[in-house]
Amino acid sequence: QLAWTSPPTVRKVRPAIQKRFQRPLNPGDRLVEVDGHNVEGLDRRQVLQRLSKSTGLTFTAAAGFRWRLAVREAAAEALSSPPQEEDPASGRGRDWIAGIQLAWTSPPIVRAVKPEAQEHFQRPITPGDELHSIDCGSGSQGIVGLDRREILQRLATSGGWGFKASSFDHALRSAASKALESPPEEEDSLSGKGRDWLAGLLLAWTSPPVLRGVKPEVQKHFPRPLREGDTLHRVGDTLVSGLGRQEILRLLAECKNLGFKREGSAFVDAVRESASRVLARAPTARDRKSGKGMDWIGGIQLAWTSPPVVRDIKPEVQQHFGRPLSPGDRLNTIDKQSVAGLGRREILERLCGATLFGFTGPRTGMREAEGAESAGGLLGLLRAAGVVDNDFEKEVRRSASRAMASPPGEEDPISGKGRDWIGGIQLAWTSPPTVRGVKPHVQSEFSQPIEPGDILRSVDGQDIAGRSRQEVLALLSRSSVLGFGSCKGSRFREGIRQAAAKALSSHPAQADSESGRGRDWIGGFQLAWTSPPTVRKVRPAIQKRFQRPLNPGDRLVEVDGHNVEGLDRRQVLQRLSKSTGLTFTAAAGFRWRLAVREAAAEALSSPPQEEDPASGRGRDWIAGIQLAWTSPPIVRAVKPEAQEHFQRPITPGDELHSIDCGSGSQGIVGLDRREILQRLATSGGWGFKASSFDHALRSAASKALESPPEEEDPMSGKGRDW
């Protein structure tokens with residue numbers, strides 16, 4: 001029974017018809033659409049005319065109708081005034097509309113949602129979703145190209161709106177799914193870990209992951225601007241600290257809500273706030289040594305000499321620096337720009353927006369702090385020559401000038417680049433340059449020892465990543481401050497290379513009683529020269545260099561992605577002497593590879609064990625995984641004990657994607673059963689991926705989310721999609 005309000009209101013419902021509705025129809029519900037057309041504002045006759053030809057009705061609960069009225073009222077109110085506040089990420093305005101905060105980007109993006117608003121949507125609305133459409137009399141209409149005023153005008157007469165996951169979310173899920181199938185795109189020079197570009201975000205796979213780059217067009221999808229050095233704190237409701245790359249990528253492939261964290265931002269905010277406060281007044285005290293004024297800035301008392309000198313430090317500030325800041329240290333750079341020659345006002349103005357502060361000791365030792373990266377401990381390892389014009393600095397300038405006029409002095413065997421001695425430090429011309437050797441007399445110029453494997457990060461506060469040899473030499477030829485950093489893991493890798501090179505020139509250090517072969521210490525672990533090499537002992541100090549503990553019995557299976565099984569001691573040492581990455585497998589993992597080989601060799605000598613009903617091809621059990629010999633082979637079943645040997649669970653429907661060989665993983669496209677088994681029988685290492693059907697299904701579903709159904713289903717009157 002309908003009462004002819006606008007829109008019509010349900011007064012009574014016969015029980016027999018309830019089965020026709022997805023949810024019970026109740027007195028007070030409103031008839032809002034007939035065949036997808038809004039009937040609000042129509043009189044009784046017009047509604048009855050539509051009902052006489054109808055195929056589908058849409059009712060909304062009384063609470064839902066009140067919600068639409070609330071949306072209209074909020075939109076009408078917003079129309080009469082400017083945006084309530086600025087959106088920091090986009091620089092546009094933003095407003096609360098009935099429990100949903102919208103930033104007026106194009107299309108508008110959700111910044112926050114009150115819990116009571118969620119009940120009015122079929123799926124949860126989350127920050128980052130985009131306003132997709134607004135209901136009108138003829139159905140939903142898109143809002144592409146409309147400005148704030150036009151959108152609010154439509155909402156003020158409709159009250160119905162549609163949201164979708166943002167295009168960034170789709171791109172992120174797609175990029176994460178793709179990254180799951182391959183190793184990291186590149187090495188992160190700061191941490192020694194890998195890193196990947198994911199939908200405009202460059203993530204280094206530290207724990208938790210650190211942001212190394214952000215494309216400008218991505219910023220609008222976050223409630224506040226992202227900065228390099230921010231850490232990925234959570235994906236959805238899951239905290240990611242302690243998770244590995246594969247686990248985080250799997251979360252990203254299914255979830256769209258990211259939470260980034262800015263470590264140490266409270267310190268940065270304190271510096272900015274105190275700098276802003278003292279800008280408006282004279283110095284708070286007089287410095288006895290210099291006769292200049294001085295002020296407290298974020299827990300550091302600065303005397304306004306040129307450059308400013310530290311006079312006192314509050315203890316809680318020290319955590320933001322790699323080593324303690326001391327009275328007498330100088331504020332040398334702000335955001336990597338020199339402050340030499342600047343007055344108090346100019347320095348304070350820079351501090352009001354600063355993120356990175358570089359201090360040097362009275363003679364040597366640069367210390368830098370930044371809120372975004374202090375937790376990672378990387379900036380604390382930066383070091384620099386002193387600000388005085390000493391013999392070392394003169395030698396750096398002279399040798400750099402000489403090197404500019406000629407090619408590199410020799411080739412660097414590790415990188416294949418050239419290398420030169422600059423002021424007693426041998427630099428390989430990687431990007432950024434890497435230290436290969438240091439003469440003893442140079443160490444006195446630095447507050448912490450410079451070691452092979454360290455990175456030259458900056459010259460006079462200028463970042464040199466991406467610069468050519470000539471550009472770096474030009475800076476060095478007039479330099480006064482060098483910034484070196486210890487890339488996490490770089491000294492460890494350098495130690496491996498040097499130990500391997502030394503072992504190459506001699507016989508094994510001792511005999512291995514278990515195998516009858518020799519064994520050597522290589523950079524903190526002792527290897528017995530079995531095939532592949534077996535770990536016999538491990539020094540505790542190196543365990544932090546590995547994602548999982550290295551144990552006696554583990555096998556060294558790859559050097560720089562190349563399988564070393566079958567190579568002799570000399571060949572393995574040659575590879576280790578130029579290595580950048582090692583892969584170990586646990587003893588159980590090596591036994592598993594042997595089991596795969598044995599099962600593949602056995603299958604080679606007989607036909608398939610049974611027929612695969614779905615494909616009509618044969619299928620075999622290979623070490624706990626049943627493969628159907630389609631192209632590529634598809635997993636039909638997996639025994640539980642096989643799962644422990646894979647980073648992600650293998651499931652029926654997954655495809656055999658690659659087989660390890662001496663030069664890395666190789667694809668198997670076009671290979672038949674015999675060829676695949678032959679490769680497995682000599683390798684034992686294989687890679688699986690989610691099936692192409694699974695990828696196609698996810699892609700099609702993501703695409704369908706952005707548009708109405710492709711066509712109408714004549715049987716149900718609902719839409720339908722392929």
Assess whether side chain to side chain contact (heavy atoms under 4.5 Å, CB included) is satisfied between L201 and L226, documenting all intermediate values. CA-CA 10 Å; L201 303 176; L226 296 181; 3.8 Å; yes
Which atoms form the tightest heavy-atom contact between [X] and [Y], and what is the distance?
X    : Y    : value
G41  : S6   : N-OG, 2.8 Å
S274 : G298 : OG-N, 2.9 Å
I464 : P432 : CG1-CB, 4.5 Å
G719 : P709 : CA-CB, 3.6 Å
W161 : L102 : CZ3-CD1, 4.1 Å
L348 : A275 : O-CB, 3.9 Å

Applying salt bridge (Lys or Arg N to Asp or Glu O under 4.0 Å), can you list everything that pairs with [X], at least two apart in sequence or on another chain?
X    : value
E711 : R720
R345 : E349
R344 : D295
R277 : E273

Quick one: [atom1] on [X] to [atom2] on [Y], what's the gap to the nearest 0.5 Å?
X    : Y    : atom1 : atom2 : value
L155 : E73  : CG    : CD    : 13.0 Å
H37  : T58  : NE2   : OG1   : 11.0 Å
L249 : L198 : CG    : CG    : 6.0 Å
T9   : D29  : OG1   : CG    : 9.5 Å

Assess whether a salt bridge exists between D35 and R50, defined as any Lys/Arg side-chain N lying under 4.0 Å from an Asp/Glu carboxylate O. no
Mind checking what makes side-chain hydrogen bond (donor to acceptor under 3.5 Å, both in side chains) contact with [X], not counting sequence neighbours?
X    : value
S276 : none
T238 : none
S81  : none

Backbone N/O of [Y] and side chain of [X]: donor-acceptor pair under 3.5 Å:
X    : Y    : result
E247 : G244 : yes
Q46  : D43  : yes
S716 : K718 : yes
D147 : E150 : yes
Q118 : P115 : no

For [X], which residues count as a side-chain contact (heavy atoms from CB on, under 4.5 Å) partner, sequence neighbours excluded?
X    : value
Q18  : V13, P24, L25
E85  : R94, Q101
Q84  : D95, W96
E710 : D721, W722

Do T105 and R92 pair up side chain to side chain, a donor and an acceptor below 3.5 Å, judged on atom types alone?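 Looking only at side-chain atoms, R92 and T105 do not form any donor-acceptor pair under 3.5 Å.
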With a 3.5 Å cut-off and no angle check, do the side chains of W205 and D196 form a donor-acceptor pair? yes
Side-chain contact, heavy-atom cut-off 4.5 Å: P209 with I248?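 Yes; the side chains approach each other to less than 4.5 Å.
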Begin with the C-alpha distance, continue with both residues' side-chain angles, and end with the deciding distance and a verdict on side chain to side chain contact (heavy atoms under 4.5 Å, CB included) for L203 and R212. CA-CA 6 Å; L203 284 179; R212 294 298 187 215; over 6 Å; no
Start with the C-alpha distance between W4 and V47, add both sets of side-chain angles, then the distance that settles side chain to side chain contact (heavy atoms under 4.5 Å, CB included), and finish with yes or no. CA-CA 9 Å; W4 297 109; V47 175; 3.7 Å; yes
Would you list the pairs meeting salt bridge (charged side-chain N to carboxylate O under 4.0 Å, His left out) in which at least one residue belongs to residues 11-22, sequence neighbours left out?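 Output for this query is empty, none listed.
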Take atom CD of E77 as the centre, draw a 6.0 Å sphere, and report whether it contains more than 12 heavy atoms from other residues, nucleotides or ligands. no
Starting from the C-alpha separation in whole Å, work towards a yes-or-no answer on side chain to side chain contact (heavy atoms under 4.5 Å, CB included) for T157 and Q153. CA-CA 7 Å; T157 57; Q153 285 172 336; over 6 Å; no
